Amino acid sequence: MTENMKPITDRGYKLLHNGAIALSQVEANGMRIDIDYLNRAIKNTEGRINKLSTRMQNDEVFKTWKKLFGTKTNMSSREQLGKVLFSELGYDCPSHTKTGKPQVNETALNSIDLRFVKDYVQIERLKKTRSTYLQGILRETTVNEFIHPVFNLHFVKTFRGSSDSPNFQNIPIRNPVIAKLVRRAFIARLNYRIVETDYSGVEIAGATCYHKDPKMIAYIENEKKDLHRDMAGQIYKLSKKQITKEIRYCGKNMFVFPQFYGDYYLHCAKNLWDAISQMKLKTTDGIKLFDHLKTKGIVKLGRCDPEQKPKEGTFEYHLKEIEDDFWNKRFKRYGKWRKDWWYEYLKKGYFDTLTGFRIEGVYKRNEVINYPVQGTAFHWLLWSLIRIQKILNKYKMKSLIVGQIHDSIVADVHKKEFKNYIEITQQVMTVDIRKHWKWINVPLKIETEASPVHGSWYEKEKVV
DNA sequence: TACTTCGGCGCC
DNA sequence: AAAGGGCGCCGAAGTA
């Protein structure tokens, strides 16, 4: 256990006890791996890396690099690349690390328009894929072609779980090309299909059990209401009809979630503003967002200097107003909870989760607000996993739980048990759990995705 | 050679 | 008043 966490109720203790037993079975089950595919994929990736590498070595920038570092030249050294770009070639260094060195991450590199730099970013992405994933999974695959990832319950200070050897919880999914390259290696057993069941919006629901804000409850209960869309509309001054999927995405991932995690308007304003050009945002009627905002009187982001008050009429000023409105009007009760929860912690020196644990020690405000929510959300998943596995065992079903990713359960489901498995997860994760924890004050929803029989994890598709 | 720290990046 | 929460794994560079 981490030093500052302990169960303070019988239920809390039992959850971890039964959770450890359940996860040990998950580990023993393991997931089937296509070794032949992995070997092919490694070779292919190798080829792509070599091709890019050759092109880079013929580039003018590389000559400068070699002049600077001679025999010490290492094309995968970010530090060296930083010196080449920011000291030698005179490009602007947008930011520095906490130890004062130039930051050479993807954001910084994307600001430089050179083929050499684009090739570098691409090659690093492929190397990450090769080493951490393709080779990393192959290394952990046993002679009978299974991996058995470890699922820990006692390392994470928020009461979440973690996974290692290999880490089952960070397999690529957002970049579709990389996702396919890696996930194709995870395959279903013969006559089985891979089924992944996610709790949707679980942290928002978890938080609602603490703050009990009636407006948030309404958002969750009413299928027609959509917080991310509403915020996107307020941010970019749009009507519901004008909001595209991309614009909603920005509202969700650059305002709503960051705000819940304790971010503030300056950071949000900058991201939301940059997204307009980077994602080429347009309304559903094809109007560029910059043009649209101009008609509403906003033409500038503002200086985004934390030391200075934002000027009226700027986008940052607008975001400051939205943030105020968000916490003091729209979700007034939630905003009050955050203050009360923090001051209560300052008085007592600890805080308790609804699932029966105490977290003691020195924490920052954002940690005190986030830990109970993150932990509670994971405990819902863990409780469900234990219950589902018990049912699978009790009825001697062939289907097996093979992994857990914080708010989702991955199983290898026998083709004849598919419908049954869906019913079990639905019952346990949305109905039974609310009988176990009476303080859950919002409906819980799940989403299921499944691969074809004999398919790979990459091929999963929504089950309706 | 073995170990640690840092920065980076994959995921929720 | 402060100003994004949580992981694990990799390679580079420094140290012993």
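Throughout, a chain's letter reflects where its sequence line sits, starting with A, and its residues are numbered from 1. Nothing here was measured: the structure is a model prediction, and the numbers come from that model.
Across all strands shown, A:Lys127 has no heavy atoms under 4.0 Å from either base or sugar-phosphate atoms. Using a 4.0 Å heavy-atom cutoff across all strands shown, A:Ser408 reaches no nucleic acid atom at all. Here A:Asn170 lies in heavy-atom contact (under 4.0 Å) with a base. Residue A:Ile369 is classed as having no contact, given no heavy-atom separation below 4.0 Å to the nucleic acid. Within 4.0 Å of A:Val104, counting heavy atoms only, lie sugar-phosphate atoms of the nucleic acid but no base atom.
The aromatic rings of A:Phe351 and A:Tyr371 sit tilted, their planes meeting at an angle between 30° and 60°. Ring geometry, A:Phe378 versus A:His406: the interplanar angle exceeds 60°, so the pair is classed perpendicular (tilted spans 30 to 60°).
Between A:Arg125 and B:dG8 there is no side-chain polar atom (N or O) within less than 4.0 angstrom of OP1 or OP2. The side chain of A:Gln169 places no N or O atom within less than 4.0 Å of a non-bridging phosphate oxygen (OP1 or OP2) of C:dG8. Remark: A:Thr158 is not in phosphate contact with C:dG5, judged by side-chain N or O atoms under 4.0 Å from OP1 or OP2. Distances shorter than 4.0 Å separate none of the side-chain N or O atoms of A:Lys101 from OP1 or OP2 on B:dC6. In terms of phosphate contacts, A:Tyr264 brings no side-chain nitrogen or oxygen within less than 4.0 Å of OP1 or OP2 of C:dA2.
Between the OH atom of A:Tyr265 and the C1' atom of C:dG4 there is a distance of 16 Å, rounded to whole Å. Rounded to an integer number of Å, the gap from A:Glu447 CD to B:dC12 C1' is 15 Å.
In summary, A:Lys336 and A:Asp213 do not engage in a salt bridge, as defined by a charged side-chain N under 4.0 Å from a carboxylate O. Contact check on A:Lys118 versus A:Asp113 returns a salt bridge, with a Lys/Arg side-chain nitrogen under 4.0 Å from an Asp/Glu carboxylate oxygen. Under the 4.0 Å criterion applied to side-chain N and carboxylate O atoms, A:Arg160 and A:Glu203 are assigned as salt-bridge partners.
For C:dG5, the base has a donor-acceptor partner in the side chain of A:Gln374 [N/O atoms by modelled type, under 3.5 angstrom]. No N or O donor and acceptor, one from the side chain of A:Asn167 and one from the base of C:dG8, sit under 3.5 Å apart.
The shortest distance between side-chain heavy atoms of A:Asp263 and A:Phe257 does not fall below 4.5 Å.
Partners of A:Tyr350 under the ring-ring contact (aromatic ring centres under 6.0 Å, His included) rule, at least two apart in sequence or in another chain, do not exist in this structure.
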Spell out protein contact along nucleotides 10-16 of chain C as letters: B when the base is contacted, S when just the sugar-phosphate is, - when no protein heavy atom is under 4.0 Å; keep the 5' to 3' order.
SSSS---
